[in-house]
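The block underneath contains the structure these notes are about, expressed in structure tokens.
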Amino acid sequence: MIVCTAIKKVSRKCKYAVLIGLLLSVLAWKASFTGDTNRTIDDNFATTQTEEDKLRDELNSRIAEASHTNISAEKDECPEKSPLLVGASKLTFESSLNLKDVEKENKVVTKGEYEPSDCKARHSVAILIPHRNRERHLLYLLHHLHSFLQRQQLHYAIYVIHQAGDATFNRAKLLNVGYLEAIKDFSWECFIFHDVDLVPENDHNLYICDQQPRHLVVGRNVTGYKLRYKGYFGGVTAMTKDQFFQVNGFSNNYWGWGGEDDDLRVRVEQQKMKIVRPPANVARYTMVFHKRDSGNQVNKNRMRLLRQTTKMWRVDGLNSCVYDTLSVGRYPLYVNITVNIGQPQS
Ligand code: UD2
Ligand code: MN
């Protein structure tokens, strides 16, 4: 019994000794690592710090960017009347002008599009220009039109719709194509249908739309600045997206010169819309001299077509405009859409 008790006491002491030994060795082990551990933690901390700094910097710059975007989204609306307008200006048509010069003058334009940087434009306007073989006219127009539209503080883009091939020209169908293609880019609310050779002389002639379709060419240099005839609706016109849609756009069937502008007038009048014009003293244009183009001979069918407009407008127009887009070039000063629109049915 005494032996047993002695053995129990010894084993309990042994247990304590083993426990103390273990504790000491753990402490010693920990002490031996402390330096390294601290360093590792410090290193990690340092790394975390740098990454955190980087992240913070990035975040800050994003916030700055976002608030900058917010600033631009929350820019004040441009004034009702642009302070940049100069009224009538003397137009120049220098033979030495080239596209690079015009691009340099318009670094603020990107892929044909512009919006004011210091205020929110009141109007978003797509300018549609039917075109073939009139490069020089296009250059003069770009030269004058970009600064003209910028002075009006508009958000705008210029689209040139280029007829491919040498089949008879069809101005109206090209303009339908321009409308259908431009609305794929942006929800343009207003469209200006614009001859390539007409340069506006006075920036009070605002390129905006109204409750009614607008005809912007009252006078031209070549016609003594007089309206050609009462219902004249050619050259440059402005219609909202909805007005143009409501009349089913232009007819697609006017191949060659003439009649398509009168056809549009008939469509407009049939919808009980009324053509309005700016005052004659501002709605003035210089038409760059040209002869009748080859491939755009007078359309002998135009009077016959015109008599059918009231019957045909529903089935001939935007809803029946068939074409092949061959290319879309986003150049610095305009979007060029080259299109195969077919040819007249004989
Ligand atoms: C008048 C109208 C025009 C149109 C045309 C009859 C005015 C100021 N303009 O213009 O809007 O109704 O009669 O169709 O009254 N084009 C080319 N390449 C060509 C042919 C035409 O780019 O080979 C384009 C170009 O944008 C030109 C427009 O079509 O400005 C009208 O053709 P135009 O200038 O030969 O006809 P014009 O001056 O009699
Ligand atoms: Mn012309």
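Ligands are counted one by one from 1 in listed order, and the atoms in each one are counted from 1 as well. Since this is a predicted model, take the numbers as computed values, not measurements.
- Look at R228 and you'll find a heavy atom under 4.0 Å from some atom of ligand 1.
- Using a 4.0 Å cut-off between charged nitrogen and carboxylate oxygen, D263 and R302 do not count as a salt-bridge pair.
- At distances below 3.5 Å, not a single donor-acceptor pair connects side-chain atoms of D76 with backbone N or O atoms of C119.
- A donor-acceptor pair under 3.5 Å links the side-chain atoms of Q152 to the main chain of D203, judged by distance alone.
- Protein heavy atom at the shortest distance from atom 38 (O) of ligand 1 is H290 NE2, 3.2 Å.
- The protein heavy-atom contact nearest to atom 35 (O) of ligand 1 is R134 NH2, 3.1 Å.
- The shortest separation from a heavy atom of V217 to ligand 1 is not under 4.0 Å, leaving the residue out of contact.
- Checking side-chain atoms of N98 against main-chain N and O of D101 turns up a donor-acceptor pair under 3.5 Å.
- Between the choices T223, L128, D197, V196, the shortest heavy-atom distance to atom 34 (O) of ligand 1 belongs to D197.
- Below 3.5 Å of separation, one finds no N or O of S294 facing any N or O of ligand 1.
- Side-chain N/O atoms of Q150 and N106 include a donor and acceptor closer than 3.5 Å.
- The pair R220-D195 fails the salt-bridge criterion, with no side-chain N (NZ, NE, NH1 or NH2) lying under 4.0 Å from an Asp/Glu carboxylate O.
- Screening K173, E260, Q308, R267 for a side chain to side chain contact (heavy atoms under 4.5 Å, CB included) with S251, the sole residue that qualifies is R267.
- One option in F169, Y232, F233, Y285 has a heavy atom closer to atom 15 (O) of ligand 1 than any other, and that option is Y232.
- Contact annotation: M287 has at least one heavy atom less than 4.0 Å from an atom of ligand 1.
- The H131 neighbourhood of ligand 1 comprises atoms 22 (O), with distances under 4.0 Å to a heavy atom of that residue.
- Q163 contributes a side-chain N or O that, together with a main-chain N or O of N170, makes up a donor-acceptor pair within less than 3.5 Å.
- In this structure, the side chains of M239 and L264 come closer than 4.5 Å at one or more pairs of heavy atoms.
- Interface atoms of ligand 1 facing G234, defined by a heavy-atom separation under 4.0 Å, are 11 (O).
- Between T309 and Q270, the closest side-chain pair of non-hydrogen atoms is not below 4.5 Å.
- The G235 neighbourhood of ligand 1 comprises atoms 2 (C), 3 (C), 7 (C), 8 (C), 9 (N), 11 (O), with distances under 4.0 Å to a heavy atom of that residue.
- Looking only at heavy atoms of the protein, atom 26 (O) of ligand 1 is closest to P130 O, 2.8 Å.
- Panel note: side chain Q212, backbone K274; a donor-acceptor pair is recorded below 3.5 Å.
- The aromatic ring centres of F244 and F193 sit less than 6.0 Å apart.
- Taking all heavy atoms of D263, D293, L264 into account, the minimum distance to atom 23 (O) of ligand 1 is reached by D293.
- When only non-hydrogen protein atoms are considered, atom 10 (O) of ligand 1 lies nearest to D195 OD2, 3.7 Å.
- Residue contacts with ligand 1, taken as heavy atom pairs separated by less than 4.0 Å, do not involve Q163 at all.
- At a heavy-atom distance under 4.0 Å, only side-chain atoms of E260, from C-beta outward, approach ligand 1.
- Residue contact annotation: R292 has no non-hydrogen atom under 4.0 Å from ligand 1.
- Using a 4.5 Å cut-off on side-chain heavy atoms (C-beta onward), I127 and L145 make contact.
- The distance from ligand 1 to the heavy atoms of G258 drops below 4.0 Å at these ligand atoms: 6 (C), 14 (O).
- The protein atom (non-hydrogen) at minimum distance from atom 18 (N) of ligand 1 is R132 O, 2.8 Å.
- The distance between the ring centers of H155 and Y114 does not fall below 6.0 angstrom.
- When ring centroids are compared, Y156 and H123 stay outside the 6.0 Å threshold.
- Around the Mn ion (ligand 2), the protein atoms of type N, O or S that sit closer than 2.8 Å are D197 OD2, H290 NE2.
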message = Using the rule given for ring pair (Phe, Tyr, Trp, His ring centres under 6.0 Å), can you reason through F93 versus H144, listing the C-alpha separation, both sets of side-chain angles and the distance that settles it, and then say yes or no?
response = CA-CA 9 Å; F93 300 89; H144 290 294; 5.4 Å; yes
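- Listed by atom number, the atoms of ligand 1 under 4.0 Å from D261 heavy atoms are 12 (O).
- Of all protein heavy atoms, the one closest to atom 39 (O) of ligand 1 is W257 NE1, 2.7 Å.
- Contact annotation: for R220 versus ligand 1, heavy atoms closer than 4.0 Å belong to the side chain alone.
- For ligand 1, the atoms lying closer than 4.0 Å to a non-hydrogen atom of L198 are 8 (C).
- When side chains are defined from C-beta on, T325 counts as touching Y323, because their heavy atoms get closer than 4.5 Å.
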